[in-house]
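This report refers to the structure that appears directly beneath it.
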There are 2 protein chains.
Amino acid sequence: MATPQLTKNQTLVMDALSHSEGPMSAYTILDKLRDHGFRAPLQVYRALDKLLEYGLVHRLESLNAFVACSCPHDHEHDHGVTAFTICEGCGQVTEFHDEAIEQRLSTLTRAQNFKTEKTTIEIRGHCQSCV
Amino acid sequence: MATPQLTKNQTLVMDALSHSEGPMSAYTILDKLRDHGFRAPLQVYRALDKLLEYGLVHRLESLNAFVACSCPHDHEHDHGVTAFTICEGCGQVTEFHDEAIEQRLSTLTRAQNFKTEKTTIEIRGHCQSCV
DNA sequence: GCAATCATGTAATGTTATTACATCAATTGC
DNA sequence: GCAATTGATGTAATAACATTACATGATTGC
Ligand SMILES: [Zn+2]
Ligand SMILES: [Zn+2]
Ligand SMILES: [Zn+2]
Ligand SMILES: [Zn+2]
């Protein structure tokens with residue numbers, strides 16, 4: 001999906017996430033954007049919905065939080081299965097993609113006749129610096 | 001970890017999940033157990049914490065819900081990485097384990113010097129019956 | 001102009017999870 | 001026996017996350 005021009009609110013949320021060190025909850029984003037006129041959770045959630053749809057942002061299910069996509073590409077194509085390592089120590093999140101895992105999951109779901117729509121892979125633990 | 005004798009509340013929560021068709025939220029469990037004297041969320045969450053620790057129950061991060069482990073074994077040993085398919089149509093959840101994926105993830109995290117503590121794999125989509 | 005669509009604003013509510021504090025029972029050490 | 005510890009429980013209050021409902025404003029196509 002080609003990414004359309006972002007609206008004002010979408011841009012504000014995207015910028016907040018892009019400039020953040022790590023993932024942010026919707027309410028943290030809301031607080032960051034109060035100075036820019038944000039007043040209600042829905043302003044954030046609506047923007048996030050679109051940014052997720054465009055593939056510019058990922059949701060971390062195990063954190064109830066959101067993170068800017070770290071892929072260098074232009075998001076003009078689907079980037080397949082996304083996986084994350086999440087450090088419990090410093091909060092660092094690393095996005096990665098692996099063709100072998102994607103293939104294997106595809107084989108397994110095909111065997112169940114299961115039609116995959118979204119795959120969540122999140123690995124919680126400690127990074128190199130936080131052992 | 002050997003599973004110790006379950007307490008009264010842990011047994012009630014475990015039974016509720018075991019007899020359920022699919023995953024249940026903590027508050028749904030609470031409602032089911034009101035007749036047995038449950039009054040507050042914490043009674044459920046405390047039992048769930050232990051059941052998760054013993055490996056008798058899994059948490060589905062993308063649903064904020066809990067499901068009884070479907071493994072036949074006696075839970076006397078760790079059962080490695082657990083993955084789920086979750087049907088958006090009928091709510092059916094299927095637990096599975098795959099050594100190849102576990103190996104591959106292990107290789108990838110080792111390359112980052114990341115120490116894994118918990119791995120979440122959840123595949124949302126539609127099952128055979130719900131295409 | 002007018003309908004249709006999309007973005008936005010705001011309030012209220014719903015859902016999920018935790019903190020804080022009190023009580024009770026079983027176990028341990030002496 | 002009995003104080004101290006530990007683990008389980010009960011209850012209330014609050015925090016954190018997310019959605020529903022309704023109203024308004026801007027843009028586009030005709
Ligand atoms: Zn990405
Ligand atoms: Zn770290
Ligand atoms: Zn299991
Ligand atoms: Zn189904």
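Below, chain A is the first sequence line, B the second, and so on; all start at residue 1.
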Step by step, would you call A:Glu117 with B:His126 a side-chain hydrogen bond (donor to acceptor under 3.5 Å, both in side chains)? CA-CA 8 Å; A:Glu117 271 134 35; B:His126 284 86; 2.8 Å; yes

Test side-chain hydrogen bond (donor to acceptor under 3.5 Å, both in side chains) on A:Ser70 and A:Glu95 and set out the steps. CA-CA 7 Å; A:Ser70 65; A:Glu95 176 176 345; 3.2 Å; yes

Step by step, work out the side-chain contact (heavy atoms from CB on, under 4.5 Å) result for B:Phe96 and B:Thr82. CA-CA 6 Å; B:Phe96 63 96; B:Thr82 305; over 6 Å; no

Go through it in stages, so that I can follow the logic: the residues are A:Leu108 and B:Asp98, the test is side-chain contact (heavy atoms from CB on, under 4.5 Å), and I'd like the CA-CA distance, side-chain angles, deciding distance and then a yes or no. CA-CA 9 Å; A:Leu108 292 166; B:Asp98 186 74; 3.7 Å; yes

Start with the C-alpha distance between A:Gln112 and B:Thr85, add both sets of side-chain angles, then the distance that settles side-chain hydrogen bond (donor to acceptor under 3.5 Å, both in side chains), and finish with yes or no. CA-CA 9 Å; A:Gln112 292 186 28; B:Thr85 51; 3.1 Å; yes

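Aromatic pair A:Phe84/A:His58: centroids less than 6.0 angstrom apart.
The distance between atom CG of A:Leu63 and atom P of D:dC17, rounded to the nearest whole Å, is 10 Å. Atom pair A:Leu60:CG and D:dC17:C1' shows a separation of 15 Å (rounding to whole Å applied). Distance, B:Leu51 CG to D:dA8 P: 12 Å, rounded to whole Å.
Taking side-chain N and O atoms only, B:Gln43 has a distance below 4.0 Å to OP1 or OP2 of D:dG10.
Salt bridge present: B:Arg34 and B:Asp31 bring a charged side-chain N and a carboxylate O closer than 4.0 Å. Ion pair A:Glu61/A:Arg59 flagged as a salt bridge, since at least one NZ, NE, NH1 or NH2 atom sits closer than 4.0 Å to an Asp/Glu carboxylate oxygen.
Using a distance-only test at 3.5 Å, with no hydrogens or angles considered, a donor-acceptor pair links the side chain of A:Glu122 to the main chain of A:Ser62. For A:Thr109 (side chain) and A:Leu105 (main-chain N/O), a donor-acceptor pair under 3.5 Å exists by modelled atom type.
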Write down the protein N/O and nucleotide N/O pairs, taken from nucleotides 18-20 of chain D, whose separation is under 3.5 Å; answer none if there are no such pairs.
from, atom 1, to, atom 2, distance (Å)
D:dA18, OP1, A:Arg59, NH1, 2.9
D:dA18, OP1, A:Arg59, NH2, 2.4
D:dA18, OP2, A:Tyr45, OH, 3.0
D:dA18, O5', A:Tyr45, OH, 3.3
D:dA18, N7, A:Tyr27, OH, 2.6
D:dA18, N6, A:Tyr27, OH, 3.2

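Going from atom CG of B:Leu56 over to atom CG of B:Leu17 covers 10.5 Å, rounded to the nearest 0.5 Å.
Close approach of DNA chain C to chain B, defined as any atom under 4.0 Å from a non-hydrogen atom of the protein, starts and stops at C:dT16 to C:dA20.
Between the two ends of the helix from C:dG1-D:dC30 to C:dC30-D:dG1, each summarised by a five-pair axis, the helix axis turns through 20° (rounded to 10 degrees).
Along DNA chain C, the nucleotide closest to B:Thr28 and the one closest to A:Lys50 are compared, and the more 5′ of them pairs with A:Lys50.
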